[in-house]
Amino acid sequence: MSESQRPTPFEDRLTAALRTAGDSFDADRAALAEGGQTRGRRARLRRRAGVLGGAAGIALVGVGGALLLPGGGHSAEPQGTSAAAPPSATAASPAPSASYSADDLLQALKKLLPEGEVSEEDAQGPGPGLPPYAHLVFDDGRGAAAVGISLDRVEPGSQSVRELTTCPDKTVVTYDDCTSSRLPDGSVLMVYQGYEYPDRRVDTKWWSAELVTARGQHVSVSEWNAPAEKDAAITRAQPPLSPDQLKKVATAGVWLPIVDAIPEDPKAAAREKAKASAAPSRAPEASGVAIGETLASLLPDGVDVVSRGEEETGYAYLVLDDGKGPSLVQINVQPGMSDVAGELYGSAETRPDGTLLATSQGPGEKGGSGVVMWTADTLRPSGLRVVVSAFNTGAQNEDATRDAPALTMEQLQEIALSEQWERLG
């Protein structure tokens, strides 16, 4: 593998997650990781059930929801406002007293759709294993479109809820609109209008509504402007349901009793405990806020920070301006990465202290015209990996705004090799 083709830190994290999980297939890491920003959120609880696809999102979420950044990078609270939910959505769900079949889910979904033709129906009711879902192709006369719903539970107040209901940062994700709001009953609803492919190589639109109630009931509705999520010709300009119609489907009271009917898995806790004890010991990642502050402190003079964002742990970014236009700089700080040394640093320089240093200069990866990506990738003998990348644009998915990044390769190396990263807890 040439230095210009080195996988990104996010792809490396994906591979580690797959390896830990014991998967045996040889994944195309670049293809899998590409959609992580948007797809990680929806895959966490829908599991896609083999119907809506998307192994990338599942694996990325398995390593902490990689790349999903809250708007502005600092607040975990939902933003925006929304009209009140229908009364049926705010009513408390009764304890499950009946089972629900796959056909029950399909019929409920069809009743909530506008007038049109339905085909290619598939569904699964609540039961052991994968969460319940329903999927169909809907045509209102303007073109066939895939529509799906899945149901599950999340821990109230958890990071999962924040990831599911927080609009992503436009610095790293291309989308048209997104609103997140708290409903009168305490539920949180996010309505997202974006694209199936972050780099827009195919203009398939993906719109979704994510509802999480105060009790942790999760309803996820998705639609596309094509009869399949992938590998299908676009059949219409927009998905068939408007944002208001998506909200109506997601907040329909029919779904909550079905969530409550999902059986508890008595073996799940034992499996999680076994996985935790079998997992290799790894130091906790530093907070994204601390990483961003440290990165800012290491910048050269004459460079201003115009915006910033971060994950809860492990990742941060800054958008810089040195008077020549915006330039994105992103950083990953990951402990316990010694096991990737042979795989990723085969041709790296070994520093006097034993730190491995690999550098690369190549094109950007998110579809922006003329974008370049310069990277300094380091691995210390302690296993701490620090990877810093700079771009000649303020957002990877936008066209280049300058000839070169605001930081030189020498400055990127100096930042990545700084002793301050070892001091982060």
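- If you take CD on Glu163 and CD on Glu311, they are separated by 8.0 Å, rounding to the nearest 0.5 Å.
- Among residues two or more places apart in sequence or in another chain, the salt bridge (charged side-chain N to carboxylate O under 4.0 Å, His left out) test is passed with Glu410 by none.
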May I have the list of side-chain donor-acceptor pairs in residues 292-303 shorter than 3.5 Å, sequence neighbours left out?
from, atom 1, to, atom 2, distance (Å)
Thr294, OG1, Ala290, O, 2.9
Ser297, OG, Thr294, O, 2.6

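- Residue pairs meeting the disulfide (SG to SG under 2.5 Å) criterion with at least one partner in residues 173-231, sequence neighbours excluded, are Cys167-Cys178.
- Under the side-chain hydrogen bond (donor to acceptor under 3.5 Å, both in side chains) criterion, Asp203 pairs with Arg200, not counting sequence neighbours.
- Annotation: side chain of Thr378 is not in contact with side chain of Arg351 (no heavy-atom distance under 4.5 Å).
- Listed by chain and residue number, Ser242 satisfy the side-chain hydrogen bond (donor to acceptor under 3.5 Å, both in side chains) test with Gln245 (two or more places apart in sequence, or in another chain).
- The two residues Pro257 and Val254 make their nearest non-hydrogen contact at CD-O, 3.4 Å.
- Panel note: side chain Thr235, backbone Ala144; a donor-acceptor pair is recorded below 3.5 Å.
- Two residues are said to be in side-chain contact when any heavy atoms from C-beta on lie closer than 4.5 Å; Tyr100 and Pro132 fail this criterion.
- Nearest heavy-atom pair across Asp152 and Val259 is O-CG1, 3.4 Å.
- Of all the heavy atoms in Leu320 and Ala406, the pair that sits closest is CB-CB, 4.4 Å.
- With sequence neighbours excluded, no residue forms a side-chain hydrogen bond (donor to acceptor under 3.5 Å, both in side chains) with Ser338.
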Item to check | Candidate pair Thr393 and Asp399, rule side-chain contact (heavy atoms from CB on, under 4.5 Å), full reasoning | outcome: CA-CA 7 Å; Thr393 178; Asp399 295 345; over 6 Å; no
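- Here CG of Leu246 is found 11.5 Å from CG of Leu112. Values are rounded to the nearest 0.5 Å.
- When the side-chain hydrogen bond (donor to acceptor under 3.5 Å, both in side chains) test is applied to Thr355, the partners found at least two apart in sequence or on another chain are Asp353.
- Between Arg215 and Pro156 the shortest side-chain heavy-atom distance does not fall below 4.5 Å.
- With rounding to the nearest 0.5 angstrom, the CG atom of Asp304 is 12.0 Å from the OG atom of Ser307.
- Residues satisfying the salt bridge (charged side-chain N to carboxylate O under 4.0 Å, His left out) criterion with Asp322, sequence neighbours excluded, are Arg402.
- Expressed to the nearest 0.5 Å, how far OH of Tyr192 lies from CG of Asp177 amounts to 10.5 Å.
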Next on the checklist: Evaluate Asp185 against Ser187 for side chain to side chain donor-acceptor pair (under 3.5 Å), listing each step before the verdict.
Outcome noted: CA-CA 6 Å; Asp185 67 342; Ser187 301; 3.0 Å; yes
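- Between Leu105 and Tyr133 there is no side-chain heavy-atom pair separated by less than 4.5 Å.
- Note that the OG atom of Ser327 and the CG atom of Asp321 stand 9.0 Å from one another [nearest 0.5 Å].
- Distance alone, capped at 3.5 Å, places no donor-acceptor pair between the Ser208 side chain and the Val221 backbone.
- The two atoms that bring Trp255 and Val249 nearest to each other are NE1-O, 2.8 Å, heavy atoms only.
- Residues Phe391 and Gln330 meet the side-chain proximity criterion, which asks for heavy atoms closer than 4.5 Å.
- Listed here is the closest heavy atom pair of Pro227 and Ala233: CD-O, 3.5 Å.
- In this view, Val372 and Trp374, Asn392, Pro405 satisfy the side-chain contact (heavy atoms from CB on, under 4.5 Å) rule, not counting sequence neighbours.
- Within the 3.5 Å criterion, the main-chain N or O of Val340 finds no donor-acceptor partner in the side chain of Glu343.
- Remark: Gln238 engages Lys205, Trp207 in a side-chain contact (heavy atoms from CB on, under 4.5 Å) (not counting sequence neighbours).
- Using a 4.5 Å heavy-atom cutoff, the side chains of Val188 and Thr166 are not in contact.
- Expressed to the nearest 0.5 Å, how far CD of Glu398 lies from NZ of Lys170 amounts to 9.0 Å.
- The side-chain heavy atoms of Glu155 and Ser160, taken from C-beta on, include no pair separated by under 4.5 Å.
- The main-chain N or O of Thr375 is never found under 3.5 Å from a side-chain atom of Ser389 such that the two would form a donor-acceptor pair.
- When side chains are defined from C-beta on, Tyr345 counts as touching Arg385, because their heavy atoms get closer than 4.5 Å.
- The side-chain contact (heavy atoms from CB on, under 4.5 Å) search around Ala316 returns Ile291, Glu310, Ile331, not counting sequence neighbours.
- Shortest non-hydrogen contact noted between Leu356 and Ala341 is CD1-CB, 4.2 Å.
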Next on the checklist: Between Lys230 and Thr204, is the side-chain contact (heavy atoms from CB on, under 4.5 Å) condition met? List the steps.
Outcome noted: CA-CA 8 Å; Lys230 291 181 178 295; Thr204 305; over 6 Å; no
Checklist entry - So Arg380 and Trp421, side-chain contact (heavy atoms from CB on, under 4.5 Å) or not? Walk me through it. => result CA-CA 10 Å; Arg380 288 161 169 77; Trp421 303 117; 4.0 Å; yes
Checklist entry - For Leu183 and Leu211, what are the C-alpha separation, side-chain angles and deciding distance, and is it a side-chain contact (heavy atoms from CB on, under 4.5 Å)? => result CA-CA 10 Å; Leu183 305 182; Leu211 176 77; 3.9 Å; yes
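- For Asp176, there are no salt bridge (charged side-chain N to carboxylate O under 4.0 Å, His left out) partners, not counting sequence neighbours.
- Formation of a donor-acceptor pair under 3.5 Å by the Arg236 side chain with backbone atoms of Gly143 is found in this model.
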